[in-house]
Protein chains: 2
Amino acid sequence: IKYHELDCVINGEYSIKCRRDGNEVFIPFFGFIQKYFEIYGKLSTEDGYERLEWEHSYSTVHRPREKYSPAGVFMSFEYYNVEERDRVRCISAMEGVPLSTQWTQNGHYYPIQISQFGLSHLSKYLTQPEAEVVTLEDGEDELESWILPDKRSQIELRKDPDLSTTLVEFTTSDSLKNPGISLPVDEKEDFVLSADIKFATDGSITVTIDTPGLQLFYIHYVLSSRLIFLDGHDIYYGLGDRRGQWMHITRDIAIDFDKGLALKYNKSKRTKMKLKVSRIKVVIVRGHGWLDNLTLSTTAHLDHFYNAANWLVLHQNDRGGWPISVQRKLIPKVLELEPGWYSAMAQGQAMSLLVRAYLRSHNTKYIQAAVDAMKLFEIPSMQGGVLAKYADRYDWYEEYPTTPSSFVLNGFIYSLFGLYDLKEVTSGEESKMAERLYNKGIESLKHMLLMFDNGSGTFYDLRHITLGIAPNRARWDYHTTHINQLLQLSVMDDSEIFKVTAQRWMDYMKGKRAKHN
Amino acid sequence: IKYHELDCVINGEYSIKCRRDGNEVFIPFFGFIQKYFEIYGKLSTEDGYERLEWEHSYSTVHRPREKYSPAGVFMSFEYYNVEERDRVRCISAMEGVPLSTQWTQNGHYYPIQISQFGLSHLSKYLTQPEAEVVTLEDGEDELESWILPDKRSQIELRKDPDLSTTLVEFTTSDSLKNPGISLPVDEKEDFVLSADIKFATDGSITVTIDTPGLQLFYIHYVLSSRLIFLDGHDIYYGLGDRRGQWMHITRDIAIDFDKGLALKYNKSKRTKMKLKVSRIKVVIVRGHGWLDNLTLSTTAHLDHFYNAANWLVLHQNDRGGWPISVQRKLIPKVLELEPGWYSAMAQGQAMSLLVRAYLRSHNTKYIQAAVDAMKLFEIPSMQGGVLAKYADRYDWYEEYPTTPSSFVLNGFIYSLFGLYDLKEVTSGEESKMAERLYNKGIESLKHMLLMFDNGSGTFYDLRHITLGIAPNRARWDYHTTHINQLLQLSVMDDSEIFKVTAQRWMDYMKGKRAKHN
Ligand SMILES: [Ca+2]
Ligand SMILES: [Ca+2]
């Protein structure tokens with residue numbers, strides 16, 4: 001028998017063209033297998049060795065560290081790059097936190113995203129090499145080589161009595177048409193700009209950027225409450241109406257540039273047009289004000305971390321919550337949440353962030369906010385809280401506190417991590433409350449965890465059980481989140497169930513399945 | 001690029017040899033796909049058209065009739081051939097019911113198997129063409145052409161005053177060495193033998209069989225309590241110690257022959273040796289006794305049906321149950337049942353059978369047994385009954401009433417069918433009890449059904465939830481049982497959940513899966 005084409009009749013329903021060679025039949029991968037089974041594969045010839053790389057799953061498991069600390073790295077969040085995500089419109093220059101466009105084109109401050117932004121930057125800070133810092137101007141000793149645009153403009157060193165440091169005072173027109181007082185920089189590697197700055201008048205700080213295609217762009221940070229704006233080669237970020245206030249600003253210029261251009265060009269277009277920062281050429285100030293500690297650095301993770309923590313302290317309401325201002329339709333007309341809902345995941349992720357901010361700064365405002373964030377865990381979903389009950393018996397903290405309940409697994413476990421962090425660092429009544437909530441949650445999790453095991457992967461939630469509808473299988477990245485969480489839990493709690501289940505769930509990623517009878 | 005061999009690296013773990021043709025890669029079906037994904041396939045060239053028949057599942061769904069009646073066909077049990085199964089040692093000649101070797105080589109009377117035997121025969125009776133019946137001897141008018149072995153032997157017509165019929169009386173030696181009083185038959189199609197017979201002495205009835213290979217065999221039905229025995233070309237079945245009693249015996253000679261030879265040869269060997277009945281040559285009686293209504297027929301379904309119902313009435317104990325006399329290890333050392341356990345499925349299947357026997361015969365002993373069978377549904381598994389509770393809340397009737405509970409789906413639904421049948425035909429308190437038990441069960445089922453949906457198939461039970469272990473996926477024949485049951489339920493109860501879920505579960509059999517997020 002020789003190699004030839006033959007039909008393969010699929011479940012008696014349709015035919016595909018296959019190949020026969022002796023007693024073996026060969027089935028087309030790209031034309032059939034890939035879609036029928038959702039297998040990922042690509043032809044590769046990288047090292048001169050031609051092959052098909054067959055992947056059952058596209059996602060990666062991150063094993064946690066052997067020990068867990070509420071002050072330390074959060075899971076494997078050092079791999080997260082929150083601000084790079086498409087659904088982050090930009091990092092607000094007013095508060096230094098991301099604005100989400102998930103579920104609404106208008107954008108909203110999504111506490112989960114903000115906490116993850118903070119936790120990822122802390123985790124990067126704790127795991128990455130120390131940042132290189134280039135000081136452009138510290139106001140000490142002698143003035144850097146600032147260039148004045150005209151004779152009426154000036155810049156000079158000043159002693160600041162309040163701040164017990166020296167800094168520079170600059171005076172020039174606040175018009176954006178004014179070339180401004182400029183400092184040539186020519187920095188090719190470190191693109192995170194930080195500065196302490198205060199304006200007496202209207203004013204701005206501008207960064208001039210070069211790209212690989214040698215197109216010049218300008219990012220202007222202005223005293224406006226308009227978030228972000230693109231006009232030709234000019235990108236504007238609003239610093240808010242903060243005239244007369246000291247501002248500590250930290251901007252990832254590469255991100256600010258990319259988000260600005262994203263207003264006009266999609267990702268593939270930006271890549272094609274080579275629109276990325278290759279060099280920071282000049283830093284410019286305008287108006288009348290004071291400047292100190294102007295630096296460029298590889299990263300400024302701690303600044304981002306505290307920006308997130310401060311945002312949480314500032315925006316927590318009297319219920320201890322961070323209400324989410326968009327409507328959320330888990331299942332349209334069946335499981336919906338009206339604007340103003342709370343999320344146990346948001347509360348929990350905030351706790352994890354705030355506990356870390358407290359342990360690092362010893363500022364009690366952070367721990368107080370974390371403690372207050374527990375209150376909603378005792379309030380049922382129906383009453384605007386985040387507490388669901390499974391079978392009238394098991395407490396479950398809802399990422400999406402719909403009625404009926406949805407029982408989203410990953411959000412629940414994140415909320416438990418928050419409670420764990422909190423119980424570890426508090427004492428007295430606060431610690432007891434955190435411990436009680438944590439223990440109840442863990443008990444529920446141990447009873448219900450296997451309801452998410454579908455024998456070849458996991459379910460994202462339990463909508464099939466509460467609503468009697470088709471199950472909602474977790475895509476592979478949520479599946480690996482589940483595994484990462486179980487591995488993390490098994491560091492906190494040595495119950496066999498977390499280790500054994502995580503191992504089986506990892507096996508599922510290689511195409512293994514639970515046995516059938 | 002031409003057709004050539006290339007490696008496919010599977011999940012980074014190992015390589016298989018594939019074929020490349022242009023931009024397509026072809027994966028070996030028999031060498032890889034079949035096992036990796038558990039797909040069933042065979043090369044077929046039947047009608048001159050060569051093809052691979054790819055089947056995602058090997059099992060078939062039977063749509064139920066549009067109307068359901070507690071007197072009618074049970075599900076699609078007309079397709080069941082209980083006695084042909086390997087795990088049936090034989091049909092006892094003492095009681096006319098199967099003896100199971102499941103879970104024990106010694107064999108035991110398994111009430112579920114007995115009920116299914118009865119229900120399948122009733123269902124066949126109701127759906128198949130009427131049986132052909134050849135009367136060999138009815139004792140009326142004139143004697144058939146019996147051949148006497150010697151001068152002392154005799155056979156003659158007699159009027160039986162008790163039975164108000166005429167019959168034959170036979171007298172000859174009861175020794176099996178005696179050729180006996182024989183009736184040439186030469187029957188090539190109808191192999192089910194029935195007779196009314198009573199022995200005054202020891203005695204036997206023998207059937208002489210021819211096979212395609214022209215080997216002669218003898219099946220002897222003897223007054224012994226030895227179930228079955230093979231010695232060379234002689235097969236013995238014990239009729240029990242019933243001297244002096246009228247017996248109505250009904251034997252499927254083809255089955256009796258096959259089970260006899262199964263004691264020595266496995267199935268493939270029996271097929272290879274062509275050991276099957278091609279002809280019934282002679283019927284022989286020995287000893288002193290009376291005989292009437294000796295027939296050969298295509299089938300005798302109602303006899304088998306009543307044999308099963310009568311067995312249930314005779315062997316029900318004072319708890320209303322049919323204790324199962326073997327140890328059952330669902331999971332060794334974790335979920336075990338000691339001999340004497342009851343099964344809600346056994347109770348329910350018995351109800352379905354007994355209700356049908358009652359509706360057909362109007363004999364109240366059957367309905368009374370069915371009513372008594374309900375009692376164990378109110379007794380918790382821990383106390384030897386069959387009642388489990390899920391989450392302290394949902395009643396579940398256990399096929400295997402282990403502690404912790406196993407929540408086997410198909411057994412539970414069979415038990416509901418029994419309760420349904422019973423509530424439909426009873427009245428007063430008995431009906432109220434059946435209805436209460438049925439309604440509670442259906443309520444639980446509606447809440448818990450989706451826990452068995454794994455997004456690409458079903459689970460056999462909920463051991464993963466109660467024990468926190470790997471789920472027990474249902475193999476395809478159990479999966480189709482689940483579907484058949486849901487389709488049957490949707491005839492009894494028009495809730496959307498049964499129809500919609502059954503449809504999705506049918507889709508799973510074609511490789512469709514529930515969506516992922
Ligand atoms: Ca200074
Ligand atoms: Ca007669």
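Chain A is the first sequence line, chain B the second, and so forth, proteins listed ahead of strands; every chain is numbered from 1.
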Next on the checklist: Is it the case that the ring center of F37(A) lies less than 6.0 angstrom away from the ring center of F37(B)?
Outcome noted: yes
Checklist entry - Measuring heavy-atom distances to chain A, does K510(B) have an atom under 4.5 Å in its side chain, in its backbone, in both, or in neither? => result both
Checklist entry - Does some side-chain heavy atom of P471(A) sit less than 4.5 Å from a side-chain heavy atom of R513(B)? => result no
Item to check | Segment of R475(B) engaging chain A (4.5 angstrom heavy-atom cut-off) | outcome: both
Checklist entry - Is a donor on one side and an acceptor on the other found under 3.5 Å between the side chain of E53(A) and the backbone of C8(B)? => result no
Checklist entry - Which bit of Y508(B) is near chain A, if near means a heavy-atom gap under 4.5 Å: side chain, backbone, both or neither? => result side chain
Checklist outcome for this item: Smallest heavy-atom separation, A391(A) atom then R393(B) atom, equals C-NH1, 3.7 Å
Checklist entry - Passes side-chain contact (heavy atoms from CB on, under 4.5 Å), V9(B) versus Y49(A)? Steps please. => result CA-CA 11 Å; V9(B) 182; Y49(A) 158 56; 4.1 Å; yes
Next on the checklist: Are H56(A) and Y36(B), when compared by the centres of their aromatic rings, separated by less than 6.0 Å?
Outcome noted: yes
Checklist entry - Hey, is the main chain of L6(A) close enough, under 3.5 Å, to the side chain of E50(B) for a donor-acceptor pair? => result no
Next on the checklist: Donor-acceptor pair, distance only, cut-off 3.5 Å: does the side chain of R473(A) make one with the backbone of N517(B)?
Outcome noted: no
Checklist entry - With a 4.5 angstrom heavy-atom cut-off, which part of I497(B) approaches chain A: side chain, backbone, both or neither? => result side chain
Checklist entry - Under 4.5 Å between any side-chain heavy atoms of M451(B) and M451(A), yes or no? => result yes
Item to check | Under 4.5 Å from any heavy atom of chain A - which part of V500(B) | outcome: neither
Item to check | Per-residue contact mode, D392(B) against chain A (heavy atom under 4.5 angstrom) | outcome: both
Next on the checklist: Quick check: do N472(B) and H516(A) have side-chain heavy atoms less than 4.5 Å from each other?
Outcome noted: no
Checklist entry - Side chain, backbone, both or neither: which part of I33(A) has a heavy atom under 4.5 Å from chain B? => result side chain
Next on the checklist: For I16(B), which atoms come within 4.5 Å of any heavy atom of chain A: side chain, backbone, both, or neither?
Outcome noted: neither
Checklist entry - Relative to chain A, which segment of Y40(B) carries a heavy atom at a distance below 4.5 Å: side chain, backbone, both, or neither? => result neither
Checklist entry - Counting heavy atoms not belonging to K499(B), are there more than 12 under 6.0 Å from its NZ? => result yes
Checklist entry - Can you say whether S15(B) sits under 4.5 Å from chain A via the side chain, the backbone, both, or neither, judging by heavy atoms? => result side chain
Next on the checklist: For E13(B), which atoms come within 4.5 Å of any heavy atom of chain A: side chain, backbone, both, or neither?
Outcome noted: side chain
Checklist entry - Can you check whether Y3(B) reaches D21(A) side chain to side chain, under 4.5 Å on heavy atoms? => result yes
Checklist entry - Non-hydrogen atoms of chain A under 4.5 Å away: do they reach the side chain of L43(B), the backbone, both or neither? => result side chain
Next on the checklist: Is I27(B) in contact with chain A via its backbone, its side chain, both, or neither, using a 4.5 Å heavy-atom distance?
Outcome noted: both
Checklist entry - Is the shortest heavy-atom distance from the side chain of R19(B) to the side chain of R19(A) under 4.5 Å? => result no
Next on the checklist: Quick check on K17(B) against chain A: is it the side chain, the backbone, both or neither that has a heavy atom closer than 4.5 Å?
Outcome noted: backbone
Next on the checklist: Just checking Y14(A) against W54(B), ring centres under 6.0 Å apart?
Outcome noted: no
Checklist entry - Does the side chain of F30(A) come within less than 4.5 Å of V25(B)'s, by heavy atoms? => result yes
Checklist entry - Do D453(A) and F459(B) come close enough that some side-chain heavy atom pair is under 4.5 Å? => result no
